[in-house]
Amino acid sequence: MSLKALANCTYSEMESLVKELGQPVFRAKQIMEWVFQHYELNPDRMLNLPLKLREDLKSKLVCMSSEIKESSKGGDKTTKLLISLFDDEAVEMVIIPSRERITFCLSTQVGCPVGCRFCASGEGGLVRNLEAHEIIEQLYHGIAHSGKFPDNIVFMGIGEGLLNFDNLADALGKMTEADYIGMSPRRVTISSSGYVPGIYRLIELGKPFILAISLHAVDDETRAEIIPGKLRYPIAEILQACDDYEKEIGRMVTFEYTMLAGINDSAGAAEKLAAMARKHHAKVNLIPYNETSEEFKRPKEIDIFDFRDILEKAGVTVMLRLEKGSKVKAACGQLRAQHIKKLKND
Ligand code: SF4
């Protein structure tokens, strides 16, 4: 795609473009207000612009490169959108409403190179990185579909965002800088499987994003059973990076822990996790596995609650989302997997 994408234009790029099109500079501000304040990427609906300029914008820019291909609603009121991209690839975004808030979960890559064994997104490996505008467009699709601006954004969809750092950072800038969308970085969570060099690059951005680490195990041997391959860093290095994140950015880290029966759900594991969380000032998000493959089983409810109780008794802040968390995260990548299957059969 050689044309510039509207969702990722800077003010100076837009000013140059309107000058090139023979228009007064104030038009740039009008266009940018449509894009970043009204979340509108269709020039036909930018009604305060002259018709000629609207037509020119459509020929000079990629206005919207993706579209909602399918939506599926879960019993817990979450809505998953399958977003089809310009090259027929697809990603997913999820709209998660709760009583007072609405959260959007966004993807950063097509496929994922990390390949966690419980996750459908990692099954076929990485296809490609998402461009910054493709990340931003997911936010716009979510707003158009739900009619609401999110209270929180979590990067927990398809992909390891810190391995697509430049594009993620570019999109984060547009989402959180005051001149653009201006969402508070404190309401943006970046989830990572523990890609240590990426955590340090995130620290360099210097913004108070929430960092969520998908720990899933309390020792490297067990973790290797869940996350295979070269992209898995030793737990000690991840924890050091988490300490540095808290020191530099001033925010507590969250440990994401997908509970898998007989693998990481013992009382001993809970005690070790509690000690780790206390030492590194981390909150813990327990995600009981939602059975999507035959390889892993979801722990029994009693074991889930016992595990949670051990953490709580040790003074750790624990979030246990029996419904939404499990469905959204563990089933991540399934709509895309169906989409790929369908493309192959057509
Ligand atoms: S859980 Fe996240 S990091 Fe692991 S394979 Fe799935 S998308 Fe990638």
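In this chain, residues are counted from 1 in sequence order. Computed from heavy atoms alone, side chains included, the values below leave out hydrogens, waters and symmetry copies. When a ligand or atom number is given, it counts from 1 through the structure's own listing order.
Counted by atom type alone, Asp179 and Tyr11 present zero donor-acceptor pairs between their side chains at under 3.5 Å. If you check the side chains of Asn129 and Gln109, you find a donor sitting under 3.5 Å from an acceptor.
The nearest N, O or S atom of Cys116 is not closer to atom 6 (Fe) of ligand 1 than 2.8 Å.
In summary, the aromatic rings of Phe255 and His216 are positioned with their centroids too far apart to meet the 6.0 Å limit.
Taking all heavy atoms of Cys112, Ala120, Gly161 into account, the minimum distance to atom 8 (Fe) of ligand 1 is reached by Cys112.
Remark: ligand 1 atoms within the under-4.0 Å shell around heavy atoms of Gly159 are 7 (S).
With Val35 as reference, Met46 is the one residue of Met14, Glu40, Met46 to meet the side-chain contact (heavy atoms from CB on, under 4.5 Å) rule.
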